[in-house]
Amino acid sequence: MATKSFRNRHQTEEEDASALKLGPEFNNAGCLLISEVKYLLENRDKDAPDTKVYNKTLEYVKTFTKFNTTDSASAVRDTLRREPALTQFETAQIANLCPATADEAKSVIPSLVKIDDDRLEALLRDIQTMRKYQS
């Protein structure tokens with residue numbers, strides 16, 4: 001029994017989102033923006049499931065999407081890809097949360113400390129502008 005709790009404690013110590021240690025199942029996983037998930041769910045075939053989980057998920061993405069069109073979501077993703085230090089996870093988090101300042105971004109996404117504040121501020125300004133003027 002002690003071995004099991006030690007193993008669970010050891011596993012918890014290995015996973016740390018602030019250091020981008022999300023667990024082995026996420027090592028090569030792609031990350032979608034909430035806006036992209038919304039597009040995928042809304043554009044399913046007519047046989048989309050009418051289940052409680054599906055409907056709640058669709059309601060969630062409609063509520064929290066930041067970019068209304070696939071073009072604006074793609075433009076944001078392309079803008080964030082220009083920063084080579086960002087991982088897919090960080091890219092999705094920035095696009096999904098749309099922090100206004102580098103300080104705010106680093107407080108909600110601690111792994112961003114590796115990026116210079118001025119570079120991060122420029123990216124965030126670009127994203128806020130895209131969000132403001134999306135069609």
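Bear in mind that the values here come from a model prediction, so they are computed numbers and not experimental data.
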How long is the gap from [atom1] on [X] to [atom2] on [Y], to the nearest 0.5 Å?
X      : Y      : atom1 : atom2 : value
Asp117 : Thr101 : CG    : OG1   : 9.0 Å
Arg125 : Lys132 : CZ    : NZ    : 13.5 Å
Lys52  : Thr57  : NZ    : OG1   : 12.0 Å
Thr65  : Glu42  : OG1   : CD    : 8.5 Å
Arg82  : Asp78  : CZ    : CG    : 7.0 Å
Arg44  : Leu58  : CZ    : CG    : 10.5 Å

I need the minimum non-hydrogen distance between [X] and [Y], along with the two atoms involved.
X      : Y      : value
Lys114 : Thr87  : NZ-CG2, 4.1 Å
Arg119 : Ala85  : NH2-CB, 4.3 Å
Lys106 : Leu120 : CE-CD2, 3.9 Å
Leu32  : Arg77  : CA-NH2, 3.8 Å
Ser72  : Phe67  : OG-CB, 3.4 Å
Asn96  : Lys66  : O-CE, 3.1 Å

Main-chain N/O of [Y] paired with [X] side-chain donor or acceptor, under 3.5 Å:
X      : Y     : value
Ser74  : Asp71 : no
Tyr39  : Ile34 : no
Gln134 : Asn68 : yes
Glu36  : Thr70 : no

With the side chain counted from C-beta on, respond yes when [X] and [Y] share a heavy-atom pair under 4.5 Å apart, and no when they do not.
X     : Y      : result
Pro99 : Leu124 : yes
Leu86 : Leu112 : yes
Val76 : Thr91  : no

Could you see if [X] belongs to whatever hydrophobic cluster contains [Y]? Use Ile, Leu, Val, Met, Phe, Trp, Tyr and a side-chain cutoff under 4.5 Å.
X      : Y      : value
Leu40  : Phe64  : yes
Val108 : Ile127 : yes
Leu123 : Leu33  : no
Val61  : Ile94  : no

Strictly by modelled atom types, are Glu90 and Ser111 linked by a side-chain donor-acceptor pair under 3.5 Å?
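The answer is yes; a qualifying pair exists.
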
